[in-house]
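Quick caveat: nothing in here was measured; it's all calculated off a predicted structure.
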Amino acid sequence: MQPKEYQQLVQEHLPPRPIVKNMLWAFFVGGLICTIGQVVLTIAQSYERTKNEAAAVTLAAMILLGTILTALGVYDEIAEKAGAGAAVPITGFANTVTSAAMDFRREGFLLGMGSKMFIIAGPVIVYGILSGFIVALIKSLVLGLL
Amino acid sequence: MDNRLGTSTLTFSKGPRITSRYTLVGPMEGKGPHALDFHEILSDDSLGQKTAEKTERLMLELAITKTLEQHGTRIKDVQFLIAGDLLNQITTSNLAASTHTAPFIGIYGACSTFAEALGLGAVLLQGGFANQVLIGTASHYQTAERQFRYPIELNVQHLSTNQVTVTGAAAAILSFAERGPRITHATFGSVVDMGLKDPHDMGSAMAPAAFQTIQQHLADTQRTLADYDIVITGDLGKQGSKMLRLLLEREGCSGLERLQDGGSQIFGDWQSVGSGGSGAACIAVMTLGYVLNCLESAKAKRVLVVATGALLSALTVLQGESIPCIAHAIALEQ
């Protein structure tokens with residue numbers, strides 16, 4: 001059998017992905033995480049002076065939550081069901097850093113954890129900054145022309 | 001070339017046997033349907049070690065020591081130690097071997113390592129180069145996950161074609177002692193690459209290798225699948241097994257009801273492990289545990305073990321290379 005022919009056969013026999021089920025899980029778990037964030041934000045706003053300060057407190061609280069759940073070995077179990085619902089919120093970002101830190105701790109603090117902590121989160125930061133820069137550039141160009 | 005059949009099958013007329021064996025598995029494998037087939041089930045998957053790499057090494061050392069004990073043999077009476085594992089530079093085997101004085105042959109065949117060791121051991125015995133050979137292999141979920149995939153606690157949603165690396169170790173002594181099943185044939189496979197690139201579906205990538213080795217073995221020995229009570233493939237998982245059946249059906253092969261798969265069977269459906277188990281220890285513990293129990297209790301008289309391996313590395317996947325695969329077949333008789 002030719003490789004092309006076999007690749008075709010594999011494609012025809014791949015199990016279907018449960019897209020609807022995955023989407024529902026992602027929607028509800030992602031929604032739940034955001035709701036928790038909103039509750040924290042509302043509480044923070046009641047005693048912080050500005051909205052920015054309240055947002056900073058909320059981000060820190062959600063990162064802490066994601067980190068604790070990762071350290072307890074729970075976050076990956078949630079993500080197994082929720083997929084993007086657990087990956088997209090900032091708790092997911094905290095998980096990428098914490099999980100890498102936990103894994104590479106075995107190779108030492110400096111060359112292990114220190115250098116590999118951002119192995120998953122790194123690309124998010126790099127391309128986050130890059131796309132932010134491009135969008136800002138477009139905005140200033142468009143506004144400059146007007 | 002007296003000991004060859006057809007183009008690639010070796011026959012062992014002197015009758016080397018698996019005369020001692022020991023299997024140990026992690027807690028999750030110990031909750032699977034084959035729990036009773038294994039010699040030891042670990043209560044925790046760390047064995048009190050600081051790193052999973054240390055645990056993997058210790059598991060292999062334990063399996064080797066227990067096999068020697070059961071055989072009543074000391075390591076100095078063994079002429080060769082053949083071992084391999086999944087980690088870079090087969091460090092688990094190298095470190096475990098460093099505690100023993102036996103001449104060491106380190107091998108790598110990914111999840112097919114065990115069959116490779118079994119075949120090579122039989123060759124050394126048949127050739128008169130040894131009268132006792134010790135073979136062993138180990139894998140650990142966490143070490144494999146780290147090397148081939150992601151950090152263990154990372155938020156990843158696994159696909160139904162994904163396989164879970166088995167935590168476990170197995171060792172055996174091959175000799176001419178008058179007990180245990182005979183190793184009658186070995187068919188070493190060639191590398192098959194069908195151009196598949198998805199590391200999350202290694203079963204589909206490995207199925208053509210298993211297909212080719214089975215076809216070769218049957219042609220060389222002029223047997224059919226029905227001549228074996230069990231034909232057990234290693235680690236194709238549910239998806240790979242489905243593809244292998246399709247390939248065999250297309251060739252009009254009969255006796256497909258004899259086919260089993262170590263990867264598909266080691267975990268239960270309730271354990272949500274995607275396509276099944278994999279890893280160097282998977283077919284090793286399934287053969288030395290389940291299959292040999294079947295042979296000993298006369299549930300099976302003749303068995304073909306077809307261990308498959310996906311010969312990829314974390315780097316080749318990122319560089320867009322396809323996954324070369326291999327399968328080795330070993331025939332065992334009561």
Side-chain angles (χ1 to χ4, degrees), chain A residues 1-18 21-22 25-26 29 66-67 69-89 91-107 112-113 116-117 119-121, chain B residues 46 49-55 142-143 145-147 149-162 192-198 200-209 211-212 215 237-251 272-275 322-325:
Chain A
M1 185 184 277
Q2 292 302 307
K4 281 258 174 329
E5 202 183 334
Y6 181 67
Q7 287 163 22
Q8 182 66 35
L9 194 69
V10 171
Q11 284 305 320
E12 285 165 15
H13 289 90
L14 279 179
R17 291 194 189 186
K21 192 178 123 198
N22 285 351
W25 268 101
V29 175
T67 304
L69 289 177
T70 304
L72 293 174
V74 177
Y75 205 84
D76 63 324
E77 305 283 339
I78 299 172
E80 190 65 65
K81 291 273 184 212
V88 174
T91 46
F93 187 76
N95 165 267
T96 61
V97 179
T98 314
S99 61
M102 286 165 70
D103 247 39
F104 291 102
R105 161 72 186 85
R106 303 158 189 191
E107 281 79 46
M113 196 171 96
K116 304 269 176 68
M117 203 168 180
I119 200 163
I120 308 285
Chain B
S46 75
Q49 301 298 302
K50 273 190 178 168
T51 71
E53 287 75 12
K54 279 191 167 62
T55 310
Q142 293 189 15
T143 61
E145 203 65 13
R146 289 189 70 196
Q147 180 174 297
R149 298 177 197 102
Y150 313 106
I152 293 144
E153 298 295 339
L154 186 69
N155 61 76
V156 182
Q157 193 168 38
H158 292 95
L159 303 174
S160 59
T161 50
N162 269 112
V192 176
D193 190 341
M194 282 293 190
L196 275 96
K197 294 183 177 180
D198 184 3
H200 301 290
D201 180 15
M202 293 200 285
S204 296
M206 292 189 288
F211 170 71
Q212 188 180 311
Q215 290 283 80
K238 294 192 184 81
Q239 178 64 20
S241 299
K242 186 164 82 181
M243 295 314 297
L244 175 63
R245 277 170 190 276
L246 277 171
L247 291 172
L248 289 167
E249 271 168 17
R250 282 167 65 109
E251 290 295 311
S272 59
V273 288
S275 190
S322 52
I323 304 173
C325 296

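- Comparing B/Gly195, B/Ser272, B/Ala205, B/Ser322 by heavy-atom pairs within less than 4.5 Å of chain A, the highest count is held by B/Gly195.
- Among the candidates A/Ala84, A/Gly73, A/Ala101, the residue making the largest number of heavy-atom pairs closer than 4.5 Å to chain B is A/Gly73.
- Looking at A/Ser99, its side chain never comes within 3.5 Å of a backbone N or O of B/Pro151 through a donor-acceptor pair.
- Contacts between A/Arg17 and chain B at a heavy-atom distance below 4.5 Å involve the side chain alone, from C-beta outward.
- For chain B, the option among A/Glu107, A/Lys116, A/Lys4, A/Met102 with the highest count of heavy-atom pairs below 4.5 Å is A/Glu107.
- For B/Glu145, no part lies near chain A; criterion is any non-hydrogen pair under 4.5 Å.
- For A/Ile78, no part lies under 4.5 angstrom from a heavy atom of chain B.
- B/Val156 and A/Glu80 get closest at one heavy-atom pair: O-OE1, 3.7 Å.
- For B/Asp201, the part lying near chain A is the side chain, with the backbone staying farther off; criterion is any non-hydrogen pair under 4.5 Å.
- With respect to chain A, the highest number of heavy-atom pairs below 4.5 Å among B/Glu53, B/Lys238, B/Arg146, B/Gln142 belongs to B/Arg146.
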Start with the C-alpha gap between B/Leu159 and B/Asn162, add the side-chain angles, then the distance that decides, and say whether side chain to side chain contact (heavy atoms under 4.5 Å, CB included) holds.
CA-CA 5 Å; B/Leu159 303 174; B/Asn162 269 112; 3.6 Å; yes
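- For A/Glu5, the CD atom is densely surrounded, since the number of other residues' heavy atoms within 6.0 Å is greater than 12.
- Between A/Glu77 atom CD and A/Leu72 atom CG the span is 12.0 Å, to the nearest 0.5 Å.
- Without hydrogens or angle criteria, B/Glu153 side chain to A/Asp76 main chain gives no donor-acceptor distance under 3.5 Å.
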